[in-house]
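Step one of this worksheet: look at the structure below.
Counting starts at 1 for both ligands and their atoms, in listed order.
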Amino acid sequence: MSQPTTTILAIESSCDETSAAICCDGNILSNVIATQKIHEQYGGVVPELASRAHLQNIVPVVDAALKNAGITIGRVDAIAFTQAPGLIGALLVGTEFAKSLALALDKPLLAVHHMQAHVLANLIETPKPSFPFLCLTVSGGHTQIVLCSSPYQLQVIGQTIDDAAGEAFDKTAKLLGLPYPGGPLIDKYAKQGKPVYAFPEPKIDGLDFSFSGLKTSILYFLNNAGAANVFKEEYTATKEERQAFIDANLANICASVQERIISILLNKLKKAAAQTGIKDICIAGGVSANSGLREALTKTGEQLGWNTFIPKFEYCTDNAAMIAIAGYYKYLKNDFASLDVIPAARVGF
Ligand code: KG4
Ligand code: ZN
């Protein structure tokens with residue numbers, strides 16, 4: 001007789017991606033992601049527009065996830081959803097939809113922490129990291145080093161004290177006149193350039209990060225049209241000179257900024273690995289889609305004898321597959337949420 005299976009429908013709606021996934025006994029059967037293009041013209045995510053787009057997308061996205069997995073809603077054993085953190089209006093849409101489905105189907109509800117799910121995305125594919133592992137989680141709102149001792153024990157051992165790595169990419173892109181989200185574009189242009197400008201590396205103790213100083217030095221650098229690598233508050237260039245400098249050197253500027261962000265991230269990750277003695281090293285979050293970071297992590301891992309784990313692109317940026325995996329581990333522990341659960345914009349773990 002075959003073993004009973006556990007099928008989970010997961011919903012992610014914390015920011016500007018509406019996503020639904022189906023997972024059966026920890027294997028992802030489908031992962032549908034609708035990216036909201038509307039925010040591009042505003043240079044960043046507009047919370048109310050995100051909520052409205054989630055409302056519009058959520059039913060077709062869930063329907064597509066079921067169809068792609070080849071199952072009907074009746075086969076679902078539990079509903080997982082992103083409870084926190086994120087934009088509150090965006091979280092409300094996914095939470096309310098998940099709660100209504102759980103009530104209608106009389107199935108349990110699994111409330112998932114978005115940042116924990118990013119880390120656990122490393123357990124989707126094989127080979128999987130062994131516990132304990134370290135995960136560098138780099139997204140638009142967070143930059144963390146997480147010590148993961150089991151799917152239920154995750155501890156933040158280092159984090160940014162100001163901007164997130166994704167913000168550093170996106171704010172740099174804005175300064176360069178590139179549209180939102182700027183991370184993928186900086187990645188693209190960096191491939192065509194060389195890191196010829198040596199942006200200063202912040203000096204922060206311990207395992208914490210800081211990116212706000214880098215953004216300021218880029219601003220000053222551009223305001224001086226790159227004159228002799230000036231990173232201080234001097235304004236020698238006119239608007240036209242600044243633009244001409246950007247136009248002529250975009251690829252090299254992107255390569256230089258990207259290299260500095262990567263060196264900040266990897267230096268702290270090396271420190272964390274040395275301090276803990278852990279050699280299974282993972283990466284997660286939207287910025288882990290960056291090709292320079294993926295390459296540098298692989299190279300560093302080879303040099304230091306790490307086992308590195310880099311999820312495929314669709315599991316790095318916001319997606320419901322990671323919510324499904326995190327929800328699956330909660331299901332195994334009967335860690336269910338009640339139907340009066342509410343979302344939270346900010347909550348740590
Ligand atoms: O995890 P994520 O999809 O959403 C959040 O929870 O924040 O991360 C989004 C961030 C954005 O800042 C975006 O610019 C960045 O990930 N990103 C990248 C790349 N792809 C996405 N940054 C650098 N290089 C990329 N290829
Ligand atoms: Zn995220």
Within-shell test, Lys188 vs ligand 1, heavy atom, strictly < 4.0 Å: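 Judged by the 4.0 Å heavy-atom criterion, Lys188 does not count as contacting ligand 1.
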Any Cys15 heavy atom less than 4.0 Å to ligand 1: no
Closest approach of [X] to [Y] (non-hydrogen atoms, all atoms of both residues):
| X | Y | answer |
| --- | --- | --- |
| Ile8 | Ala80 | CG2-CB, 4.0 Å |
| Gly193 | Asn252 | CA-OD1, 3.4 Å |
| Arg242 | Leu175 | NH2-O, 3.2 Å |

Atom 4 (O) of ligand 1: the protein heavy-atom neighbour that sits closest, reported with distance to 0.1 Å: Asp318 OD2, 3.1 Å
[X] neighbourhood, listing ligand 1 atoms whose heavy-atom distance to it stays under 4.0 Å:
| X | value |
| --- | --- |
| Gly183 | 14 (O), 18 (C), 19 (C), 22 (N), 23 (C), 24 (N), 25 (C) |
| Gly286 | 1 (O), 2 (P), 3 (O), 8 (O), 16 (O), 17 (N), 18 (C), 19 (C), 20 (N), 21 (C) |
| Ala289 | 20 (N), 26 (N) |
| Gly166 | 12 (O) |
| Gly140 | 5 (C), 7 (O), 8 (O), 9 (C), 10 (C), 12 (O) |
| His114 | 6 (O) |
| Gly141 | 7 (O) |

Answer yes if the side chains of [X] and [Y] hold a donor-acceptor pair under 3.5 Å, and no otherwise.
| X | Y | value |
| --- | --- | --- |
| Thr137 | Gln144 | no |
| Ser212 | Asp163 | no |
| Ser263 | Arg260 | yes |
| Thr18 | Asn57 | yes |

With Val257, the side-chain contact (heavy atoms from CB on, under 4.5 Å) member among Phe221, Tyr189, Phe199: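 The passing option is Phe199.
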Criterion side-chain contact (heavy atoms from CB on, under 4.5 Å) against Asn31, the qualifying member of Ile323, Ile124, Asn319: Asn319
Geometric class of the His118/His114 ring pair [parallel <30°, tilted 30-60°, perpendicular >60°]: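 Answer is perpendicular, since the angle exceeds 60°.
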Thr317-ligand 1 polar pair, N/O distance under 3.5 Å: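 No; the residue has no nitrogen or oxygen that sits under 3.5 Å from a nitrogen or oxygen of the ligand.
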Sub-3.5 Å N/O-N/O distance, Asn290 and ligand 1: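 Indeed, backbone or side chain, Asn290 has an N or O that close.
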Name, closest N/O/S atom of His118 to the Zn ion (ligand 2): NE2
Check each heavy atom of [X] against ligand 1 and say whether those closer than 4.0 Å belong to the side chain, the backbone, both or neither.
| X | result |
| --- | --- |
| His142 | neither |
| Asp170 | side chain |
| Asp187 | side chain |

Hydrophobic cluster identity match, Ile283 and Ile157, side-chain contacts under 4.5 Å: yes
Asp318 OD1 and His114 NE2 subtending at the Zn ion (ligand 2) (10° steps): 90°
